[in-house]
Amino acid sequence: MADVLKSLNLLESLKESIEKNNISDIKDAVEDMLISRINIAVVGERGTEKTMFLNSLRGLSVGDEGAALCPSAAAPEELAAFPNPKHPDFRLWDLPTISSDPTFHPENYMDRYKILRYNAIIMTFTQSPSTNMVAVWKEVRSLQKDTLYFALLASEKDTEKTLEAKRMASLEVLKAEGLSQPKVFLVCPAALEKLEFLKLLEVMQGDLPEIRAHALLLALPTFSSTLVAQKKEAFKALGWAAASLSAGVSAIPVPLVASMVDASVAVRILTKAQISLCLDDESVERLAKQRGIEPNKLKGLRTCLLSVEVSKSEVKRRLSMAEKDSTTATTKLVELAMPRHARSISRSFTVMLQAMSSAIDDMSADADKIVTIATGVSQ
């Protein structure tokens with residue numbers, strides 16, 4: 001998502017939303033954004049690298065509750081589901097290894113594992129894709145499914161040189177199988193901030209429907225400053241929704257929230273932000289363990305009270321401060337964005353917007369500090 005104000009033509013959208021008074025539509029859309037489901041399938045040979053990848057996508061490591069195991073606990077021909085402990089609507093599916101049998105039929109594999117039901121499919125390998133894996137890819141693409149991706153998972157022994165050689169060999173295999181302009185993303189399964197996972201994520205976000213891309217973004221662990229910035233923008237959009245409903249109108253630049261907004265709705269949004277930004281104690285402690293850092297060092301970087309605990313009392317305090325600090329200039333800007341009949345509610349809108357925006361700014365700043373220290377030590 002680009003800058004909320006610029007990309008969404010905010011002032012025009014604001015006026016249109018108020019005039020149409022589409023509160024019900026906003027409610028439905030925001031509920032979707034807060035609890036939207038997404039299912040990602042990971043196809044490929046089961047081994048150490050795939051296990052690490054499945055865990056890293058959920059911010060876990062071997063030994064954590066709910067982590068994938070190596071060897072897999074699932075039977076060779078069974079799929080395994082891995083829900084996200086912090087985001088129950090995000091689920092990873094570990095699909096079995098694609099057979100190397102020359103009599104293999106891709107349609108049978110697709111039917112058995114209902115491969116078209118997943119929002120996106122990541123085909124993984126550590127050397128090069130097999131002929132039968134490519135056959136499944138081609139069959140799925142023939143059914144107008146575009147969200148398929150090849151990921152070369154790096155092993156501990158790989159170097160930049162060996163990985164690039166493997167990528168070139170993989171591209172040659174794909175071209176020989178008839179794929180034009182194939183892409184192979186290099187992924188470090190134990191540290192997603194390295195190599196090309198962020199590039200893969202960017203492509204996935206562009207291919208997925210907006211609501212699914214939003215769900216994926218919020219559910220992924222926050223392992224880079226890029227993700228912090230993207231999540232910040234997403235929650236700024238939700239802040240507009242909260243402000244709109246606080247004012248009792250549908251003044252919102254993106255499809256979002258539910259009825260008259262009060263502190264309890266702000267708490268719900270900010271709680272989602274705390275979890276998504278991985279600021280809660282459990283997430284910070286887990287990250288510290290993974291990166292070999294003293295937990296209190298990372299916890300001490302949280303200077304915003306909402307990063308530590310999202311309480312209604314702190315939200316109310318911020319609303320009260322915003323009420324006192326709201327400036328004439330800010331209020332005037334909102335008034336200009338609203339139809340004349342709705343300007344009486346502009347102050348309520350401005351106060352909620354200012355409180356939510358400052359809270360999200362502060363929480364995002366804490367998340368960025370933690371990520372910078374964690375990945376810096378890692379590198």
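Note: hydrogens, waters and symmetry copies are ignored here, and every other heavy atom, side chains too, is used.
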[X] versus [Y]: any side-chain heavy-atom pair under 4.5 Å?
X      : Y      : result
Glu45  : Phe125 : no
Phe53  : Val187 : yes
Leu306 : Val315 : yes
Val42  : Leu54  : yes
Met110 : Leu143 : yes
Leu201 : Leu220 : yes
Phe235 : Ser276 : yes
Ser224 : Thr375 : no

Between [X] (side chain) and [Y] (backbone), is there a donor-acceptor pair under 3.5 Å?
X      : Y      : result
Asp158 : Leu163 : no
Lys369 : Leu301 : yes
Ser128 : Ala169 : no
Asn132 : Ser99  : yes
Ser170 : Lys166 : yes
Thr162 : Thr159 : yes
Glu107 : Val136 : no
Asp64  : Ala67  : no
Arg317 : Lys312 : no
Gln274 : Ser307 : yes

Taking a hydrophobic cluster as the set of Ile, Leu, Val, Met, Phe, Trp and Tyr residues connected by side-chain heavy atoms closer than 4.5 Å, whether directly or through intermediates, do [X] and [Y] fall within one such cluster?
X      : Y      : result
Ile40  : Trp137 : no
Val140 : Ile122 : no
Met52  : Phe197 : no
Val267 : Met356 : yes
Leu174 : Leu186 : yes

Q: Check the pair Glu196 / Arg167 against salt bridge (charged side-chain N to carboxylate O under 4.0 Å, His left out), numbers first and verdict last.
A: CA-CA 12 Å; Glu196 296 175 349; Arg167 190 217 300 265; 2.7 Å; yes
Atom [atom1] in [X], atom [atom2] in [Y]: separation rounded to 0.5 Å?
X      : Y      : atom1 : atom2 : value
Asp207 : Lys145 : CG    : NZ    : 11.0 Å
Glu78  : Ser72  : CD    : OG    : 9.0 Å
Ser100 : Met133 : OG    : CE    : 11.5 Å
Ile115 : Tyr109 : CD1   : OH    : 5.5 Å
Thr124 : Phe150 : OG1   : CZ    : 11.0 Å
Lys232 : Met363 : NZ    : CE    : 12.5 Å

Nearest non-hydrogen partners of [X] and [Y], listed with the distance:
X      : Y      : answer
Lys236 : Ile360 : N-CD1, 3.9 Å
Pro189 : Ala154 : CD-O, 3.3 Å
Val310 : Leu270 : CG2-O, 3.7 Å
Cys70  : Gly47  : SG-C, 3.7 Å
Ser283 : Lys86  : OG-CE, 3.8 Å
Ala215 : Ile38  : CB-CG2, 4.2 Å

Q) Are any of the side-chain nitrogens in Glu285 or Lys289 under 4.0 Å away from the carboxylate oxygens of its partner? A) no
Q. Salt bridge check: are Arg318 and Asp362 linked by an N-O gap of less than 4.0 Å?
A. yes
Any donor-acceptor pair under 3.5 Å linking the side-chain atoms of [Y] with those of [X]?
X      : Y      : result
Lys231 : Thr222 : yes
Asp361 : Ser358 : no
Asp368 : Ser225 : yes
Asp101 : Thr103 : yes
Asp366 : Thr303 : yes

Q.
Using the rule given for side-chain contact (heavy atoms from CB on, under 4.5 Å), can you reason through Val62 versus Asn55, listing the C-alpha separation, both sets of side-chain angles and the distance that settles it, and then say yes or no?
A. CA-CA 7 Å; Val62 174; Asn55 288 332; 3.9 Å; yes
Taking [atom1] in [X] as the centre, count heavy atoms belonging to other residues, nucleotides or ligands within less than 6.0 Å. Is the count above 12?
X      : atom1 : value
Lys183 : NZ    : no
Glu164 : CD    : yes
Glu139 : CD    : yes
Lys316 : NZ    : no
Glu160 : CD    : no

Q. Should Phe90 and Leu218 be marked as a side-chain contact (heavy atoms from CB on, under 4.5 Å) after you check the CA-CA gap, both sets of side-chain angles, and the distance that decides it?
A. CA-CA 9 Å; Phe90 172 47; Leu218 298 194; over 6 Å; no
Q.
With side chain to side chain contact (heavy atoms under 4.5 Å, CB included) as the test, pick out the partner of Phe223 among Val371, Leu198, Val228.
A. Leu198
Q: Show your reasoning for whether side-chain contact (heavy atoms from CB on, under 4.5 Å) applies to Gln354 and Ser357.
A: CA-CA 5 Å; Gln354 192 167 314; Ser357 183; 5.9 Å; no
(Q) Is the ring pair Tyr118/Trp93 parallel, tilted or perpendicular, if the boundaries are 30 and 60 degrees? (A) tilted
Q | Pair Arg291-Glu193, salt bridge (charged side-chain N to carboxylate O under 4.0 Å, His left out): steps then yes or no | A | CA-CA 13 Å; Arg291 305 297 172 133; Glu193 74 276 7; 2.8 Å; yes
Q: Kindly indicate, with the supporting measurements, whether the criterion side-chain contact (heavy atoms from CB on, under 4.5 Å) is fulfilled by Arg112 and Glu77.
A: CA-CA 10 Å; Arg112 178 168 183 175; Glu77 294 188 354; 3.2 Å; yes
